[in-house]
Amino acid sequence: MNEFELIHRYFKKHDQDVSVIKGIGDDAAIIKTSKGHNLVISTDTLLEGVHFPTKMSPHDIGYRCVAVNISDMAAMGATPRWLTLALSLPSFDQEWLENFSLGLFAAAKEYKVTLVGGDTTSGQQLTITISITGEVKSNSAITRARARPGDLLFVTGTIGDAAAGLSLIGDTNTLGEDEQLLMERFSKPSARIEVGQSLLDIASAAIDVSDGLFADTGKLLKASGVGGSINVNQIPFSRSMTNLYSFEKRQEFALNGGDDYELLFAVPESGIEQLNRIKETLDTPITQIGAVSEKIGLECILDNKKIEYEHNGYLHFS
């Protein structure tokens, strides 16, 4: 099977969004955008053995590679619309491709995005590159760069689950319900699109937690030219994490583990009342875990005492 037959069989679907004028099958896609909106574009490359383990199921890989990109849209309050896929395969495996495409389209359906093009090649390592394009009302996108001293820091969901789940994948021991739930948090992360869109008029800055809570909080603060603190006692942990791990281990997974794809965001005091109203309408928990300050740098506070902590998250080429 050549690359064009592969694309037609596994990735060319006919239920495309009405905004797609020309999709898969031409030199480029043509899409019709909405009036009064800005485009928001994000690209991520995932490598086997680096961003996901070799033993991970192809369905989960397909789902995850879409969801982690959708999370970037959520952090900016954007609505995801279209995606492209560049796929480099070490060999042709019909069963793998079938299940991968099913996972990819399951995520695409859940988040209402349309695959409009891409590329396939043969290569030594399985490599997946997804580009997501979304829309946000003109001049209203949330960035990392507007947090101010006095703002409070919040996170969605629970933190550390995905890192714990990743450590369990490939475990030959019999795994219980808690272990299964944590592994699913890695393989099928939840992009917080609804939360991100509700924060458009409230949050001063936001980022998705992909490289660990400490590292990503530091990125947001640095982009805004401010400092801040994380109250480690306030980090929200899931029941599965609490059942399986000590507080010290949960702290390690949360602060430097990464892959949660929860939202971390700053809200000024003037927006707290509105945020509280939003929290009452959403299914996703939102927890205050820190504050923004004038002093440059990021501090961790545990049991009302400052603790020494330093972690840069995962860095390529380091």
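In this text, all values refer to a predicted model and were calculated from it rather than measured experimentally.
When every heavy atom of Phe186 is checked against every heavy atom of Ala162, the shortest pair comes out as CB-O, 3.6 Å. Scanning all heavy atoms of the two residues, the minimum distance from Val292 to Ala266 falls at CG2-CB, 4.4 Å. Between Ile235 and Ala254, the closest heavy-atom pair is CG2-CB, 4.0 Å. The minimum heavy-atom distance between Ala205 and Ile142, with the atom names listed, is C-CG2, 3.8 Å. The nearest pair of heavy atoms linking Lys219 to Asp211 is NZ-OD2, 2.5 Å.
Under the rule for a salt bridge (Lys or Arg N to Asp or Glu O under 4.0 Å), the partners of Asp161 that lie at least two apart in sequence or sit in another chain are Arg185. Scored by the side-chain hydrogen bond (donor to acceptor under 3.5 Å, both in side chains) test, Ser34 finds Glu135 as partners (sequence neighbours excluded). Among residues two or more places apart in sequence or in another chain, the side-chain hydrogen bond (donor to acceptor under 3.5 Å, both in side chains) test is passed with Gln197 by Thr79. Take Lys137 and apply the salt bridge (Lys or Arg N to Asp or Glu O under 4.0 Å) test, not counting sequence neighbours, and it matches no residue. In this view, Ile272 and Leu152, Phe154, Val267, Asn276 satisfy the side chain to side chain contact (heavy atoms under 4.5 Å, CB included) rule, not counting sequence neighbours. Taking the side chain to side chain contact (heavy atoms under 4.5 Å, CB included) definition, one finds that Leu244 meets it with Asp178, Glu179, Leu182, sequence neighbours left out. When the salt bridge (Lys or Arg N to Asp or Glu O under 4.0 Å) test is applied to Lys305, no partner is found at least two apart in sequence or on another chain. Applying the side-chain hydrogen bond (donor to acceptor under 3.5 Å, both in side chains) criterion to Thr284, with sequence neighbours excluded, gives Arg192. Among residues two or more places apart in sequence or in another chain, the side-chain hydrogen bond (donor to acceptor under 3.5 Å, both in side chains) test is passed with Thr129 by Thr45. Qualifying side chain to side chain contact (heavy atoms under 4.5 Å, CB included) partners for Glu194, counting only residues two or more places apart in sequence or in other chains: Leu282. By the salt bridge (Lys or Arg N to Asp or Glu O under 4.0 Å) test, Asp259 is found to be paired with Arg64, residues two or more places apart in sequence or in another chain being considered.
At least one donor-acceptor pair closer than 3.5 Å links the side chain of Asp216 to the backbone N or O of Ser210. Of the possible donor and acceptor atoms, none in the side chain of Asp119 sits under 3.5 Å from a partner among the backbone N and O of Ala86. Thr127 places a side-chain N or O within 3.5 Å of a backbone atom of Gln125 that can act as its donor or acceptor partner. One N or O on the side chain of Ser224 and one on the backbone of Arg146 form a donor-acceptor pair closer than 3.5 Å.
Each salt bridge (charged side-chain N to carboxylate O under 4.0 Å, His left out) pair with one or both residues in residues 82-91, not counting sequence neighbours, would appear here, but there are none.
Put simply, the side chain of Leu83 does not reach to within 4.5 Å of the side chain of Tyr111, judged on heavy atoms.
Using modelled atom types, one finds a donor on one side chain and an acceptor on the other under 3.5 Å when comparing Glu110 with Tyr63.
Cation-pi contact between Lys109 and Phe105: absent, since separation from the ring centre below 6.0 Å together with deviation from the ring axis within 45° is not met.
Other residues, nucleotides and ligands place no more than 12 heavy atoms under 6.0 Å from the CD atom of Glu294.
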